[in-house]
Amino acid sequence: MPATDFQGSSSPLSNIGRSILALRRDQVHSMEGTHEVTGLERELEAFQRQVTERFQQLSSGSSELLSLSWIRKLLDVFLCCQEEFRAILFNNKASLGRAPMDRLIGEFFERSVKALDVCNAIRDGIEHIRQWQKLLEIVLCALDNQRTLGEGQFRRAKKALIDLAIGMLDERDSSVSSVAHRNRSFGRNNASREHRSLGHFRSLSWSVSRSWSAARQLQAIGNNLAPPKANDIVASRGLAVAVFTMNSVLLFVMWALVAAIPCQDRGLQVHFSIPRNFSWAVPMLSLHDRILEESRRRDRRNACGLLKEIHQIEKCTRHMNELGDSVHFPLTEEREAEVRQRVQELGQVCQAIKSGLDPLERQVREVFHRIVRSRTEGLESMGRANHE
């Protein structure tokens, strides 16, 4: 998987994540001699602190990274940050129509619109995983809770595993040929059937257009995203920092979703520059590095998604395929015990997917609607501020 370009910054403003108050106080102090902390400054610093704490919690666990439960926590973080950011905008509606906030908020809303397409593509990816889950259930139905395991049950399970392998391959020509090779190892050299099966999975289609690219969409969201300049921070009374923070959260969350979930034209080539002295930058960059490291693992480079449960499906089905190619009937007691052990492992993966997909899909839908609502409210506030 291509690398994402996450960079630190040598900018003299690299500590602005912690110095909103200091920047404003220095300016006001030079003009008035004294300055009291305002409610806005407290609100902005609280927002920075809360974003930091939430990303620290996300980065604290290592075993569940990129699992369904971790992705749900990531979306929870986004929804909380989005709601707090929305409250900041609501409390400072008069500032939204003035420079530089009118420009900065307009750019943020443009990025938000692009994120809606990512949400749609992710929901389609979730539906693909749900189709794979149904094939796993066919395997379990054939081999689980059976008093005796015969050749007929294995044939049915193999058929489902073949369809699953086809469905999980990327839509590249080389992938189709690798499926044909794998089917021959099962003794099923039927090219027309292979193409019909692959066509079935492709016919699920994406709700985004066929020319749409997740990689290009991420690049568009991150395009020209940079820390605010000192004069913008001062002119916006620190609000520019909150906008940059929320922009960065939006981009990171969309990037992580594309990394984890099957998506059209996946790729992580995004230029995302975060000053490392932002308090929330350290845990966010740590998560990025770990996700990128996962994508570079030899057994994950060509994966259709980095979701932990997808990797478990691949491992379990590979073991089942190898086992299916080596068994002879009637099964020995030792071989039957091995088969039942593999089936039990497959059942655990299937249950994890079954219990996690629906809540995840609801969260993605909630993220979509929350972005739309926040954008609508923000544009209305900007319009009223301009008329006033």
Side-chain angles (χ1 to χ4, degrees), residues 9-48 51 81-116 219-252 271-275 277-281 370-388:
S9 172
S10 58
S11 166
L13 293 175
S14 61
N15 62 342
I16 55 178
R18 298 181 179 178
S19 63
I20 303 171
L21 284 177
L23 190 59
R24 283 282 299 156
R25 287 170 189 161
D26 288 347
Q27 186 221 21
V28 176
H29 181 75
S30 65
M31 299 173 59
E32 302 177 1
T34 60
H35 173 65
E36 292 183 0
V37 178
T38 66
L40 173 59
E41 289 170 335
R42 291 193 185 93
E43 190 175 23
L44 293 175
E45 286 202 330
F47 179 59
Q48 296 292 311
V51 172
C81 292
Q82 175 77 9
E83 192 62 27
E84 289 158 3
F85 180 67
R86 176 172 164 263
I88 291 173
L89 296 185
F90 180 83
N91 294 335
N92 298 275
K93 290 184 286 188
S95 300
L96 303 186
R98 297 195 295 263
M101 282 300 294
D102 55 348
R103 171 178 55 83
L104 296 175
I105 286 295
E107 291 171 353
F108 170 73
F109 288 148
E110 285 300 312
R111 292 187 174 95
S112 297
V113 170
K114 294 177 174 65
L116 297 179
Q219 290 171 353
I221 295 173
N223 189 37
N224 295 325
L225 179 57
K229 299 176 181 179
N231 58 331
D232 285 344
I233 296 173
V234 172
S236 66
R237 299 180 299 143
L239 287 168
V241 176
V243 176
F244 174 71
T245 300
M246 196 61 220
N247 270 320
S248 300
V249 171
L250 176 72
L251 177 57
F252 178 83
H271 182 81
F272 190 0
S273 179
I274 307 177
N277 283 345
F278 265 97
S279 57
W280 43 265
R370 195 79 65 88
I371 289 174
V372 171
R373 185 165 65 246
S374 177
R375 179 177 181 273
T376 301
E377 292 174 354
L379 291 175
E380 289 175 352
S381 297
M382 289 176 67
R384 285 194 295 267
N386 288 330
H387 282 96
E388 293 173 0

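For the numbers below, each heavy atom of this structure counts, side chains included, while hydrogens, waters and symmetry mates do not. Quick caveat: nothing in here was measured; it's all calculated off a predicted structure. We're numbering straight along the sequence, starting at 1.
Summarising the geometry of A240 relative to L104, their closest heavy-atom pair is CB-CD1, 3.5 Å, with the distance given to 0.1 Å. What you find for N247 and R111 is that their closest heavy atoms are OD1-CD, 3.3 Å. Across all their heavy atoms, P275 and A281 have their closest contact at O-CB, 3.3 Å.
The closest side-chain heavy-atom distance from L239 to S95 is below 4.5 Å. Between W280 and I274 there is a side-chain heavy-atom pair separated by less than 4.5 Å. Side-chain contact check for L251 versus L225: some heavy-atom pair is nearer than 4.5 Å. Annotation: side chain of F47 is in contact with side chain of M246 (closest heavy-atom distance under 4.5 Å). Contact of the E84 side chain with the E43 side chain is not registered, since no non-hydrogen atoms from C-beta on lie closer than 4.5 Å. Side-chain contact between V243 and M101 is present, with heavy atoms from C-beta onward closer than 4.5 Å. N91 places none of its side-chain heavy atoms less than 4.5 Å from the side chain of L40. Side-chain atoms of S112 and L250, non-hydrogen and from C-beta on, do get closer than 4.5 Å to each other.
Aromatic ring centres of F90 and F85: separated by at least 6.0 Å.
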Please determine whether side chain to side chain contact (heavy atoms under 4.5 Å, CB included) holds for the pair D102 and L96, giving the CA-CA distance in whole Å, both sets of side-chain angles, and the decisive distance to 0.1 Å.
CA-CA 5 Å; D102 55 348; L96 303 186; over 6 Å; no
Side chain to side chain contact (heavy atoms under 4.5 Å, CB included) for R103 and F108? Distances and angles first, verdict last.
CA-CA 9 Å; R103 171 178 55 83; F108 170 73; over 6 Å; no
Does the side chain to side chain contact (heavy atoms under 4.5 Å, CB included) test come out yes or no for L89 and I105, once each step is laid out?
CA-CA 9 Å; L89 296 185; I105 286 295; 3.6 Å; yes
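The NZ atom of K229 sits 11.5 Å away from the CD1 atom of I233 when rounded to the nearest 0.5 Å. Separating the CG atom in N223 from the CD atom in E107 is a distance of 10.0 Å, to the nearest 0.5 Å. Atom-to-atom distance recorded for K114:NZ and F109:CZ is 13.5 Å, nearest 0.5 angstrom.
Side-chain N or O atoms of T376 include one that pairs as donor or acceptor with a backbone N or O of V372 at under 3.5 Å. At distances below 3.5 Å, not a single donor-acceptor pair connects side-chain atoms of R86 with backbone N or O atoms of S374.
Between F244 and F278, the ring planes are tilted. Angles from 30° to 60° get that label.
Taking 4.0 Å as the cut-off between side-chain N and carboxylate O, R237 and E41 do not count as a salt-bridged pair.
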